[in-house]
Amino acid sequence: NFIQNFDVSRSGILALEIIPSAALNRQLTDIALWDPRDRNLKWILTAKGLEMSPNWSPNGRFLAFLSSGNQDAWSSQFYLQVWDSVSKNISNITSPEGGNIAGLIWKTDSSGIYFSKAESVNKEIWFNDLTGKQNRISPTDVMIDYFDLNPLNQNQSVYTLENMNQPEEL
């Protein structure tokens, strides 16, 4: 097994994006947890497609990650899933028809997650709470390259817009 990406929870548990040894030529990744105290690897999701970009919530209860579901590897449609470490359930927070998801940033109170969503030539910033309620944060029909949140006021986001006719605008 090969570690592709990881995130560390407040309690020190690593969420790992792993390429299983048997899948090296098939471009598959799965999500597992590793606790350095007992040194056990616990798989939380193994599927046919890609599961990637594990991201712990600030309170350490939830683990968000991107998934292509059971679609072939490198599908153009990823959706956001959240694993609850208490109930051990995995929830779909967005649907695969909703555009390609990237750039996960948790709200500081762990009540939801910000992300960028690409549809066609647009890339916008969205927020989902843990029930799946979705709100667009950025203007519509824009191409956002990078974004982050104001650490003092998470109702404010900073992002760069790409404009084919002008240099990048902040």
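Nearest approach of S110 to P58, heavy atoms of both residues: OG-CD, 3.2 Å. Of all the heavy atoms in A64 and I113, the pair that sits closest is CB-CD1, 3.6 Å. Minimum interatomic distance between F65 and E51 (heavy atoms only, all atoms of both residues): CE1-CG, 4.0 Å. Taking each heavy atom of L104 and S53 in turn, the nearest pair found is CD1-O, 3.8 Å. Here the closest non-hydrogen pair linking I93 and V82 is CG1-CG2, 3.4 Å. Closest non-hydrogen pair, L16 versus W34, comes out as CD1-CB, 3.9 Å.
Using a 4.5 Å heavy-atom cutoff, the side chains of V86 and R61 are in contact. In this structure, the side chains of W83 and K88 come closer than 4.5 Å at one or more pairs of heavy atoms. Between I13 and W56 there is a side-chain heavy-atom pair separated by less than 4.5 Å.
The CD1 atom of I31 lies 9.0 Å from the CD1 atom of I90; values are rounded to the nearest 0.5 Å. To the nearest 0.5 Å, atoms CZ (F6) and CD1 (I18) are separated by 12.0 Å. Atom CG of D129 and atom CG of N135 lie 8.0 Å apart (nearest 0.5 Å). Atom CG of L14 and atom CG of L33 lie 9.0 Å apart (nearest 0.5 Å). Here the OG-CG distance, from S57 to D109, works out to 10.0 Å after rounding to the nearest 0.5 Å. Summarising the geometry, atom OH belonging to Y114 is positioned 5.5 Å from atom CD1 belonging to I137; distances are rounded to the nearest 0.5 Å.
In this structure a side-chain-to-backbone donor-acceptor pair under 3.5 Å is missing from W126 to I101.
The number of heavy-atom neighbours closer than 6.0 Å to CZ of R10, taken from other residues, nucleotides and ligands shown, is 12 or below. Under a cut-off of 6.0 angstrom, the local environment of CD1 in I3 is sparse, with at most 12 non-hydrogen atoms contributed by other residues, nucleotides or ligands.
In summary, of the residues considered (K107, Q134, K133), a side chain to side chain contact (heavy atoms under 4.5 Å, CB included) with F127 occurs for K107 alone.
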